[in-house]
Student: 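Dropping the structure in here first, questions after.
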Amino acid sequence: MALTTPNGTGSPTAERPFSALILDFVGVLTANAGPAHRMWCLAQGLDADAWRHTLGRDPEAGRLYTELEAGRLDQAEWNRQVAPILGLTEHENLMGRAWAGVRPAHDMVALARSARQAGLAVALLSNSFGLAPYDPYEALGVWDLFDVTVVSEREGIAKPDPAIYRLTLERLGLPGEACVFVDDHPRNLPPAEALGITTVLADGAPGTAARIGSLLGIPAAN
């Protein structure tokens, strides 16, 4: 069954060529997390880039993060195992502490609200980094933006697995050609494009939200 959106049927029109906006979370609905992570690392007595380097370069930390994304490891256990890799003795709510300074991307949040007001469906398609004890979506206040949520931890699959994109379209009740997908990792775009989804790389360039609004045929977000 096709999803009925708040102000319409979800069908494209000449003025509005798409029916749904699919959004990633980190780097799309969040501001750049790097500065907040660096400040947190320094406050812990670590090298400023310890968080980024540990998650991106340490093989065991990378393996644990992959397990976390796919829901095969819960966040509390991830905290316990990764803290000593970082060189920390305190593991309680490690993820929440590291993410506490990250803020929403207000222009993209406004775009999501504008899209729903215009009658488009809005979906979250996110590789999770755990929901408890720290729920990043709740902390940044974005849960209420979405008609459909597809979070890797809950589904047991993560981007760029094509199955998670097919699941998103199934829940939207729409073909790929009716959707626009925004993500900040280039590797996550080709599987969406293979399904006919129009993709946008969120590269941090100024005016990205306005350009996506123009593509969708909706007013620019404020």
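For reference, positions follow the sequence shown, starting with 1.
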Student: Are the side chains of Ile22 and Val148 in contact, using a 4.5 Å heavy-atom criterion?
Tutor: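 No, side chains not in contact.
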Student: Contact between Val82 and Asp58 at the side-chain level, heavy atoms closer than 4.5 Å - yes or no?
Tutor: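 Side-chain contact under 4.5 Å: no.
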Student: Do Trp51 and Gln44 have side-chain heavy atoms sitting under 4.5 Å apart?
Tutor: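 Of all side-chain heavy-atom pairs linking Gln44 with Trp51, none is under 4.5 Å.
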Student: Tell me every residue that passes side chain to side chain donor-acceptor pair (under 3.5 Å) with Ser126, counting only those two or more places apart in sequence or in another chain.
Tutor: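 Checked Ser126 against side chain to side chain donor-acceptor pair (under 3.5 Å); matches are Tyr137.
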Student: Is there a side-chain contact between Tyr134 and Phe129, using heavy atoms and a 4.5 Å cut-off?
Tutor: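 Sidechains of Phe129 and Tyr134: in contact.
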Student: Can a donor-acceptor pair be found, under 3.5 Å and without considering hydrogens, that links the side chain of Arg97 to the backbone of Glu92?
Tutor: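 Indeed, once roles are kept as given, a pair shorter than 3.5 Å links the two residues.
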Student: Side chains of Leu68 and Gln75: closer than 4.5 Å at any heavy-atom pair?
Tutor: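 Sidechains of Gln75 and Leu68: in contact.
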Student: Do the side chains of Asp144 and Arg113 get close enough for a salt bridge, i.e. N-O under 4.0 angstrom?
Tutor: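 Yes, Asp144 and Arg113 are salt-bridged.
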Student: May I ask you to check whether Glu193 and Thr199 show a side-chain donor-acceptor distance below 3.5 Å?
Tutor: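 Indeed, the side chains of Glu193 and Thr199 share at least one donor-acceptor pair under 3.5 Å.
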Student: Can you tell me how far CG of Leu64 sits from CD of Glu77, rounded to the nearest 0.5 angstrom?
Tutor: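 Atom-to-atom, Glu77:CD and Leu64:CG are 8.5 Å apart.
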Student: Mind checking side-chain contact (heavy atoms from CB on, under 4.5 Å) for Pro160 and listing every partner two or more places apart, or none if nothing turns up?
Tutor: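 Testing Pro160 for side-chain contact (heavy atoms from CB on, under 4.5 Å), a comparison that skips the adjacent residues, returns Tyr165, Arg187, Asn188, Pro191.
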Student: With the side chain counted from C-beta on, respond yes when Pro133 and Asn79 share a heavy-atom pair under 4.5 Å apart, and no when they do not.
Tutor: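 Yes, close enough: below the 4.5 Å cut-off.
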Student: Indicate yes or no: at least one non-hydrogen side-chain atom of Trp99 is less than 4.5 angstrom from one of His37.
Tutor: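 The answer is yes; the side chains approach within 4.5 Å.
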Student: Is any side-chain heavy atom of Val109 less than 4.5 Å from a side-chain heavy atom of Leu29?
Tutor: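 Yes, at least one pair of side-chain atoms sits under 4.5 Å.
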Student: Given Trp78, which partner from the list Met95, Glu67, Glu69 fulfils the side chain to side chain contact (heavy atoms under 4.5 Å, CB included) test?
Tutor: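 Between Trp78 and the candidates, side chain to side chain contact (heavy atoms under 4.5 Å, CB included) is satisfied uniquely by Met95.
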Student: Does Leu46 share a hydrophobic cluster with Leu42, counting links as ILVMFWY side-chain heavy atoms below 4.5 Å and allowing steps through other members?
Tutor: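 Each belongs to a different hydrophobic cluster.
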